[in-house]
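Just so we're on the same page: letters track the sequence lines, and every chain starts at 1.
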Amino acid sequence: MRVVVRAVSELCITVGTLIVLFVVYVLFWTGVRADGAMNHQIDVLQDRWAKQTAHPTTTPSPSTTAAPAPPAPYAAGKPFAIMYIPRLGFTWNKPVLENTEVSTLKKGLGHYANTARLGQEGNFAVAGHRRTYGDPFVNFPRLRPGDAVVLTDGTTWFTYRIDKGPYKTVPTDVEVIDPVPRKSGYTREGRYLTLTTCDPEWGHSHRLIVWAHLDSTQPVEAGKPAALRR
Amino acid sequence: MYGWIWRHLPGNVWVKALISLALMLLVVYVLFQYVFPWAEPLLPFNDVTVDNQ
């Protein structure tokens, strides 16, 4: 009898400890790991861009009159841009990686692979975690029409302005990332941006969406866009 | 279970305590490095996209 009671109580203590450890992992450790991973992705990008800007002047292309070659497609799971949203905090900046796989979203925001490229005609759609993995979009509901979403790909600053949102929808509503998103209020083709995250904060029953249009662009040599200046 | 482990550890009380501490750290490491990363995607926090629900 005593052996049974002891075994059961030891089991209960073990399970309880496991649960506490798992909660610590989800709430705290994923954030620590994600912050490190995101900073690393941003470092990778800045290294790459530093090399890009150092080289082009030394190798002038012989056919400057020809149309520039189409840019290389984004490499899956690799970073290609940094996003800034002043509304989410002046220091809020996250790397944007290609595709929306689970392993990609652990390292930053994920660009829906089948949507438009940054700044191009169509819909540039990006997903991010609301909770866990650094909570990048924890304050997503604070976004308002008129807020700036600024991105850079190392050569150009793209300033998008939010037009509508946060709009709550269901996970199967794939039309929100269409080139002309349904329910967005846009009626014709344009250069749009869609952000998606989950709702409620810890759940997965719904999604929150915001839509923005490309407001202005400027080369990085011209300095930070007005939306990022304090 | 824990009593059984304690009895089978070698050495005196201090050595036993040291070995148990090391064992605990090892278990926590394995959990954080391998078990929890596997279990975490089974929870709903990863569903942030609209197509691969």
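When heavy atoms are compared at a cutoff of 4.5 Å, L18(A) approaches chain B by way of both its backbone and its side chain. Both the backbone and the side chain of L21(A) come within contact range of chain B, judged by heavy atoms closer than 4.5 Å. At a 4.5 Å heavy-atom cutoff, the contact between W202(A) and chain B is made by backbone and side-chain atoms alike. Contact annotation for V27(B): neither backbone nor side-chain heavy atoms come within less than 4.5 Å of a heavy atom of chain A. Contacts between Y112(A) and chain B at a heavy-atom distance below 4.5 Å involve the side chain alone, from C-beta outward. Using a 4.5 Å cut-off between heavy atoms, V26(A) touches chain B through its side chain atoms alone. Only the side chain of R33(A) comes within contact range of chain B, with heavy atoms under 4.5 Å apart. T14(A) touches chain B through backbone and side chain together, each having a heavy atom under 4.5 Å away.
Ring to ring, Y84(A) and W157(A) are close: their centroids are under 6.0 angstrom apart. For W211(A) and Y167(A), the ring centers sit closer than 6.0 Å to each other.
Between Y34(B) and Y29(B), the angle of the ring planes goes over 60°, which puts this pair in the perpendicular group of the 30/60° scheme.
Counting heavy-atom pairs closer than 4.5 Å to chain B, the top residue among A125(A), S205(A), G128(A), G110(A) is G128(A).
Between the CZ atom of R142(A) and the CZ atom of F137(A) there is a distance of 14.0 Å, given to the nearest 0.5 Å.
In K164(A), the NZ atom is crowded: over 12 heavy atoms of neighbouring residues, nucleotides or ligands sit closer than 6.0 Å. Annotation: R48(A), atom CZ; neighbour count of heavy atoms from other residues, nucleotides and ligands within 6.0 Å is above 12.
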Next on the checklist: Between R161(A) and D147(A), is the salt bridge (charged side-chain N to carboxylate O under 4.0 Å, His left out) condition met? List the steps.
Outcome noted: CA-CA 6 Å; R161(A) 290 278 167 193; D147(A) 285 358; over 6 Å; no

